[in-house]
*Asks:* 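Take a look at the following structure, please.
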Amino acid sequence: MRKTVKDYIRTIVDFPHEGILFRDVTTLFADPRGFRMCVDQLLAPYAGLRIDKVAGLEARGFILGGAVAHQLSTGFIPIRKKGKLPGATISQSYTLEYGEAVVEVHDDAMQPGEKVLLVDDLLATGGTAEAGIRLIERLGAQVVGCAFVVDLPDLGGRKRLEAMGMEVHALCAFEGL
């Protein structure tokens, strides 16, 4: 039987705390066939579309986004946690389960009118992705899609992004938290 992307992802029980089923994509990244399949499937819906940049959300989105950008022959833009980028940045805050976080992008990373694909490993509540989308749009670029390896539909991230008018592409889904 042929393996799917989901088959390469391991689940770690009670990480980072009790009651959480952590979907670990590092096992997917470590397998050459699994990783290649993942990158190919992430970019497949966007083949033939104009994409000027791929933006990846820290940190696993850098691994995926870099590979997708390479395959699409486009530039890669890191969206990082506050204080990690060396140049002039713009910031966007978002809420977490307990508190708030901030992501940033260089203020010259994208030009008005550029088409950007947002990439990350996992879509949970959608807060980080929404913050990334807001940064991209504040620079005048347009998000052409949001691509994820894993969707956790019970946490509502897909609905949140779709309510913003975003096209969401996920390779697999896991029920629960």
*Asks:* How far does NE2 of His70 sit from CG of Leu43, to the nearest 0.5 angstrom?
*Replies:* 11.0 Å
*Asks:* Decide yes or no for Tyr8 and Lys3: does some side-chain heavy atom of the first lie under 4.5 Å from some side-chain heavy atom of the second?
*Replies:* yes
*Asks:* Assess the residue pair Arg10 and Phe22 against the criterion (side-chain contact (heavy atoms from CB on, under 4.5 Å)); give the C-alpha distance rounded to whole Å, side-chain angles, the decisive distance to 0.1 Å, and a yes or no.
*Replies:* CA-CA 8 Å; Arg10 75 175 155 195; Phe22 186 82; over 6 Å; no
*Asks:* With clusters defined by side-chain heavy atoms of hydrophobic residues (ILVMFWY) lying less than 4.5 Å apart, directly or transitively, does Ile79 cluster with Leu85?
*Replies:* no
*Asks:* If I compare all heavy atoms of Gly61 with all of Phe76, which pair ends up nearest, and what's the gap?
*Replies:* O-CE1, 4.1 Å
*Asks:* Would you give the length of the straight line joining atom OG1 of Thr74 to atom CZ of Arg50, rounded to the nearest 0.5 angstrom?
*Replies:* 11.0 Å
*Asks:* Does the cation-pi check pass for Lys6 over Phe174, that is, NZ or CZ under 6.0 Å from the six-membered ring centre and within 45° of its axis?
*Replies:* yes
*Asks:* Are side-chain heavy atoms of Val116 and Ile77 found at a separation under 4.5 Å?
*Replies:* no
*Asks:* Side chains of Lys82 and Val103: closer than 4.5 Å at any heavy-atom pair?
*Replies:* no
*Asks:* I'd like to know if the side chain of Asp14 and the backbone of Gly19 have a donor-acceptor N/O pair within less than 3.5 Å.
*Replies:* yes
*Asks:* Side chains of Ser91 and Glu104: any donor to acceptor distance under 3.5 Å?
*Replies:* yes
*Asks:* Charged N to carboxylate O below 4.0 Å: is that the case for Asp52 and Lys115?
*Replies:* no
*Asks:* Step by step, would you call Val54 with Leu72 a side-chain contact (heavy atoms from CB on, under 4.5 Å)?
*Replies:* CA-CA 9 Å; Val54 174; Leu72 293 173; 4.2 Å; yes
*Asks:* Considering all heavy atoms of both residues, which atom of Asp31 and which atom of Arg33 are nearest to each other, and what is their separation?
*Replies:* OD1-N, 3.0 Å
*Asks:* Kindly compute the distance separating CG (Leu28) from CZ (Arg36), expressed to the nearest 0.5 Å.
*Replies:* 13.5 Å
*Asks:* When you compare the side chains of Asp7 and Thr4, does any donor N or O come within less than 3.5 Å of an acceptor on the partner?
*Replies:* yes
*Asks:* Quick one, Val105 with Thr89, criterion side-chain contact (heavy atoms from CB on, under 4.5 Å). Give me CA distance, side-chain angles, the key distance, then yes/no.
*Replies:* CA-CA 5 Å; Val105 68; Thr89 61; over 6 Å; no
*Asks:* Can you give me the closest heavy-atom contact between Arg80 and Glu58, atom names plus distance?
*Replies:* NE-OE1, 2.9 Å
*Asks:* Within a 6.0 Å radius of atom CD on Glu100, are there more than 12 heavy atoms belonging to other residues, nucleotides or ligands?
*Replies:* yes
*Asks:* To the nearest 0.5 Å, how far apart are CG in Asp24 and OG1 in Thr26?
*Replies:* 3.0 Å
*Asks:* Would Val149 and Leu122 satisfy side-chain contact (heavy atoms from CB on, under 4.5 Å), going step by step from the backbone distance to the final call?
*Replies:* CA-CA 6 Å; Val149 177; Leu122 187 130; over 6 Å; no
*Asks:* Under a 3.5 Å distance rule, please check whether Glu114 uses its side chain to pair with a backbone N or O of Gln111 as donor and acceptor.
*Replies:* yes
*Asks:* Of all heavy-atom pairs between Gly132 and Leu57, which one has the smallest distance, and what is that distance?
*Replies:* CA-CD2, 4.2 Å
*Asks:* Going by heavy atoms in the side chains, are Met166 and Leu118 under 4.5 Å from each other?
*Replies:* no
*Asks:* State the CG-OG1 distance between Asp120 and Thr128, to the nearest 0.5 angstrom.
*Replies:* 7.0 Å
*Asks:* Just by distance, do the side chain of Arg160 and the backbone of Thr125 share a donor-acceptor pair under 3.5 Å?
*Replies:* yes
*Asks:* Would you indicate whether the side-chain heavy atoms of Asp121 and Phe148 approach each other to under 4.5 Å?
*Replies:* no
*Asks:* When you group the ILVMFWY residues by side-chain heavy-atom contacts below 4.5 Å and let the links chain together, are Leu139 and Val102 in the same group?
*Replies:* no
*Asks:* Quick check: do Arg134 and Tyr94 have side-chain heavy atoms less than 4.5 Å from each other?
*Replies:* no
*Asks:* Ile90 versus Leu135: any side-chain heavy-atom pair under 4.5 Å?
*Replies:* yes
*Asks:* Indicate the atoms forming the closest heavy-atom contact of Cys146 with Ile133, along with that distance.
*Replies:* SG-CD1, 3.8 Å
*Asks:* Between His106 and Pro78, is there a donor-acceptor pair closer than 3.5 Å when you use the side chain of the first and the backbone of the second?
*Replies:* no
*Asks:* Does any part of the side chain of Leu123, heavy atoms only, come nearer than 4.5 Å to the side chain of Arg158, both counted from C-beta?
*Replies:* yes
*Asks:* Shortest non-hydrogen contact from Thr11 to Arg23?
*Replies:* OG1-NH1, 2.7 Å
*Asks:* As an exercise, state the distance from CZ of Phe35 to OG1 of Thr27, rounded to the nearest 0.5 Å.
*Replies:* 12.5 Å
